[in-house]
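What follows is one structure encoded as structure tokens, with my remarks underneath.
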Amino acid sequence: MFALQVTAVTPLTASTSSQHIENQQRSVISGVLADGAENGTLRPTLLFVNNSTGHFHAVDDDGRYAAGGPPTPFGASLNRTFLDRGIAFNLNLHYAVTTGDRRTRRVVYAGQPSDNAVSATRTVTLYDDDVLYDPDPPGGAVPTANTLTEVNAAANDSFYAPDAHAGPLYNVVVVEVVVWRM
Amino acid sequence: MTATTDPRARRSADGERAPGRDRRAQTTIDFATGAGIFLLTVAFVVSFVPMAFEPFTGTETRPIVADRAANQLAGDLLGDPGDPYVLDEACTDAFFAGDPPTDCRYGDGDPATALGLASGTHVNVTLERDGTVVLATGETLADTGSTNAITAQRVVSYDGRRHRLFVRVW
């Protein structure tokens with residue numbers, strides 16, 4: 001004779017992957033993105049591109065960061081909020097191309113997200129006269145003199161998003177952060 | 001003389017009497033075993049199936065209450081609903097000091113009333129940065145002698161820097 005204890009597990013059952021924790025993580029992502037936009041560190045991170053190579057500064061060989069965020073104040077904010085607590089994150093940028101399609105650029109790729117991953121997004125607008133940013137060690141970003149129109153007009157096409165709109169608007173980038181517990 | 005067809009009177013080839021009722025391979029022990037297994041199964045189902053419905057009939061609402069309270073504070077009461085997760089310093093300081101609202105969005109100086117919690121629900125709201133408490137209001141767990149609380153957390157921008165807002169409900 002053996003005794004079976006049968007019960008049902010609901011999404012709110014206390015565990016390391018309950019729905020409550022996923023809701024908190026989603027709100028934390030929104031908060032980090034809002035804080036980055038509020039203190040002006042989110043946009044420079046999107047413009048943290050090397051003018052000559054077209055990739056972000058100090059990326060790995062496959063063109064993305066694998067061990068945390070980019071070396072900007074916003075990247076440090078992501079690391080402090082997530083990596084220090086054992087939460088991995090991916091950072092994706094979604095932008096439009098001239099044909100109207102949407103492309104995705106992986107900036108931070110820490111692996112395939114788990115089944116309990118959550119994501120949140122924030123929309124950032126890039127203008128034709130925004131400048132690229134260069135690294136300013138330790139962990140800072142300084143503006144350069146290369147505006148997006150100049151960079152886009154150069155032959156080597158070294159910014160990830162094209163000028164999808166005529167006029168002062170350059171492109172609209174949706175910043176998506178996907179987090180999951182490691 | 002017709003041969004008898006009464007199975008009870010039939011005789012086998014070697015002359016031995018083969019009784020009719022005993023030709024069926026059902027003994028009393030078999031019946032007892034079957035009835036016993038059936039009764040055990042019924043007893044098992046009756047006693048354990050209600051346990052499977054227990055999480056759905058429970059009244060575990062504290063995660064929802066904590067989540068809603070954190071949403072209200074971070075997205076609405078302490079700042080501007082059009083710009084969530086960015087706190088207004090003056091209103092936040094007044095809320096954590098328990099002052100009555102002058103022109104802020106929260107409705108009352110007491111956190112439990114401002115968040116619309118049911119009577120008997122305790123709440124503690126804490127604003128932390130880098131692990132150190134910057135502002136706090138509400139009762140603490142030690143005050144009420146409880147040990148379990150549901151925590152909801154948000155990342156907010158206060159004073160231009162990133163803080164964590166914790167709402168504990170018990």
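Throughout, a chain's letter reflects where its sequence line sits, starting with A, and its residues are numbered from 1. None of the values given here were measured: they were computed from a predicted structure.
Residues A:Leu42 and A:Leu47 fall within the same hydrophobic cluster, defined by Ile, Leu, Val, Met, Phe, Trp and Tyr side chains chained together at heavy-atom separations under 4.5 Å. There is a path of hydrophobic side-chain contacts, each under 4.5 Å, that joins A:Val97 to A:Val175. Clustering ILVMFWY residues whenever any of their side-chain heavy atoms sit less than 4.5 angstrom apart, transitively, puts B:Leu135 in the very cluster that holds B:Val123. Transitive grouping of hydrophobic side chains (ILVMFWY, heavy atoms separated by less than 4.5 Å) keeps A:Val28 and B:Leu78 in distinct clusters. Side-chain heavy atoms closer than 4.5 Å link hydrophobic residues (I, L, V, M, F, W, Y) into clusters, and following such links, possibly through other members, connects B:Val155 to A:Val118.
By number of non-hydrogen pairs under 4.5 angstrom with chain B, the leading residue of A:Ser27, A:Ser30, A:Gly36 is A:Ser27. In terms of heavy-atom pairs under 4.5 Å with chain B, the best-connected choice from A:Asp84, A:Thr81, A:Asn39 is A:Thr81.
Side-chain contact between B:Ile64 and A:His20 is absent, with no heavy atoms from C-beta onward closer than 4.5 Å. Residues B:His163 and A:Asp35 form no side-chain contact, since every pair of their non-hydrogen atoms from C-beta on lies 4.5 Å or further apart.
When all heavy atoms of B:Asp130 and A:Arg80 are compared, the closest pair comes out as OD1-NH2, 2.6 Å. Across all their heavy atoms, B:Arg162 and A:Ser77 have their closest contact at NH1-OG, 2.9 Å. The shortest non-hydrogen separation linking A:Ala34 to B:Tyr85 is CB-CB, 3.9 Å. Considering all non-hydrogen atoms of both residues, A:Gln24 and B:Gln153 come closest at OE1-N, 2.9 Å.
Using a 4.5 Å cut-off between heavy atoms, A:Glu38 touches chain B through its side chain atoms alone. For B:Ile150, the part lying near chain A is the side chain, with the backbone staying farther off; criterion is any non-hydrogen pair under 4.5 Å. Looking at B:Arg161, only its backbone comes within 4.5 Å of chain A, counting heavy atoms on both sides.
In B:Ile29, the CD1 atom is not crowded: 12 or fewer heavy atoms of neighbouring residues, nucleotides or ligands sit closer than 6.0 Å. For OH of A:Tyr109, the number of neighbouring non-hydrogen atoms (other residues, nucleotides, ligands) closer than 6.0 Å is greater than 12.
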